[in-house]
Amino acid sequence: MENTVQELLTYLDEIYPYNNKSKFDSALFKIKSLTLNQKIILLENLFKKFDIGFNKVTTLSFPEIWSDFEIEDWKILILKMFPRKVKYIKGNLRDINTGNYFDIVLLNGIIGISPFTFIFNNDKINIEDKKNFYQYVKYYGDVSFFNLERVLIEDIVNYYELEVLKKIVLTKEKLKSDSDFFQWYNKEEVCTLFKRFEP
């Protein structure tokens, strides 16, 4: 990982939960100066290093990290997250809190775009990884990937800038034009459609 991204990753960890305005503004300035590729690398490392709570606060506090992504940038990020380091173990709380699936939480649970067709039909992801991913969706999908929209909107209105909601809506509209992301599925539909990956 290049120094710029590593330094920003360390800085975000140090200033979390971002309630110091001058430090927040400094982080925002650094994020806005990143290239798209650096933002992808930053998200990959955030998701692999920190838990779901840290990643939710970070991605909603700084939507500038992901809001200018095009469809291909999201696909690159998803592929970079495989293989997922956390393997499915039923009942393991570490699995529920891991950030290793936060690209899916962000896309499906926050933005409202389903990445499952892209993942399960992608030849670059091996069968074993798809099986592990399927197990995670089956047992933790309700908790991790499928949020109640009303609750999410209330969270954003109460704790974040309204600009965040606008960026979510614009990103969703952009991604809906891609056939891999067009259809949104609930957990039961995902488990039925891709049952062939059940171990």
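Positions are given from 1, in the same order as the sequence printed here.
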- Which residue pairs satisfy the salt bridge (Lys or Arg N to Asp or Glu O under 4.0 Å) criterion with at least one member in residues 26-42, sequence neighbours excluded? K39-D68

- Message: Side chains of W74 and L77, heavy atoms from C-beta outward: is any pair under 4.5 Å?
- Response: yes

- Considering residues at least two apart in sequence or located in another chain, which fulfil the salt bridge (charged side-chain N to carboxylate O under 4.0 Å, His left out) criterion with K80? E44

- Note on the structure: Sorted by chain and number, sequence neighbours left out, side-chain hydrogen bond (donor to acceptor under 3.5 Å, both in side chains) with S22 holds for N20

- Task: For L28 and E64, run side chain to side chain contact (heavy atoms under 4.5 Å, CB included): C-alpha distance rounded to whole Å, both residues' side-chain angles, the deciding distance at 0.1 Å, then the answer.
- Result: CA-CA 8 Å; L28 182 59; E64 293 78 10; 3.4 Å; yes

- Got S177 and I71 here, is their nearest side-chain heavy-atom distance under 4.5 Å? yes

- Could I get the full list of side-chain hydrogen bond (donor to acceptor under 3.5 Å, both in side chains) partners for Q38, not counting sequence neighbours? E2, T35

- Can you list the residues that meet the side-chain hydrogen bond (donor to acceptor under 3.5 Å, both in side chains) rule with D178, with sequence neighbours excluded? K75

- Are the side chain of D73 and the backbone of E70 linked by a donor-acceptor contact shorter than 3.5 Å? yes

- Task: For residues T58 and I65, determine if any side-chain heavy atom of one lies less than 4.5 Å from a side-chain heavy atom of the other.
- Result: yes

- Item | Pairs meeting criterion salt bridge (Lys or Arg N to Asp or Glu O under 4.0 Å) with involvement of residues 103-114, two or more places apart | R84-D103

- Closest non-hydrogen atom pair, L107 against P115: CD1-CB, 4.1 Å

Side-chain atoms of residues 9-16: list all donor-acceptor pairs with protein atoms under 3.5 Å, sequence neighbours left out, distances to 0.1 Å.
{"residue": "T10", "atom": "OG1", "partner": "Q6", "partner atom": "O", "Å": "3.0"}
{"residue": "T10", "atom": "OG1", "partner": "Q6", "partner atom": "NE2", "Å": "3.2"}
{"residue": "Y11", "atom": "OH", "partner": "K23", "partner atom": "O", "Å": "3.4"}

- Task: Report the residues that fulfil salt bridge (charged side-chain N to carboxylate O under 4.0 Å, His left out) with K130, sequence neighbours left out, ordered by chain and then residue number.
- Result: none

- Which pair of heavy atoms, one from I125 and one from I119, lies closest together, and at what distance? CD1-O, 3.7 Å

- Looking at F116 versus F194, is the centre-to-centre ring distance below 6.0 Å? no

- Task: Indicate if L34 and F29 have the same hydrophobic cluster label, given that clusters are the connected sets of ILVMFWY residues with side-chain heavy-atom separations under 4.5 angstrom.
- Result: no

- Item | Working for side chain to side chain contact (heavy atoms under 4.5 Å, CB included), residues K195 and Y134 | CA-CA 8 Å; K195 194 171 178 59; Y134 181 90; 3.9 Å; yes

- Task: Take D129 and F197 through the side chain to side chain contact (heavy atoms under 4.5 Å, CB included) test and state the conclusion after the steps.
- Result: CA-CA 10 Å; D129 287 331; F197 294 107; over 6 Å; no

- Message: Using modelled atom types and a 3.5 Å cut-off, is there a donor and acceptor pairing between side-chain atoms of E189 and backbone atoms of N186?
- Response: yes

- Heavy-atom count around K49 NZ within 6.0 Å, excluding the residue itself: above 12? yes

- Query: With sequence neighbours left out, what residues match K138 under side-chain hydrogen bond (donor to acceptor under 3.5 Å, both in side chains)?
  - Reply: E198

- Task: Using the side chain to side chain donor-acceptor pair (under 3.5 Å) rule, collect all pairs that involve residues 115-125, keeping only residues at least two apart or in two chains.
- Result: N121-R196

- Dump the intermediate steps for side chain to side chain contact (heavy atoms under 4.5 Å, CB included) on V5 and L8, then the final yes or no. CA-CA 5 Å; V5 174; L8 182 52; 5.8 Å; no

- Task: Indicate yes or no: at least one non-hydrogen side-chain atom of Y140 is less than 4.5 angstrom from one of Y101.
- Result: no

- Task: Could I get the full list of ring-ring contact (aromatic ring centres under 6.0 Å, His included) partners for F62, not counting sequence neighbours?
- Result: Y18, F24

- Message: Using side-chain heavy atoms (C-beta onward) and a distance below 4.5 Å, is L175 in contact with F69?
- Response: no

- Task: Scan for ring pair (Phe, Tyr, Trp, His ring centres under 6.0 Å) pairs involving residues 31-53, sequence neighbours excluded, and state none if there are none.
- Result: F47-F102, F50-F54

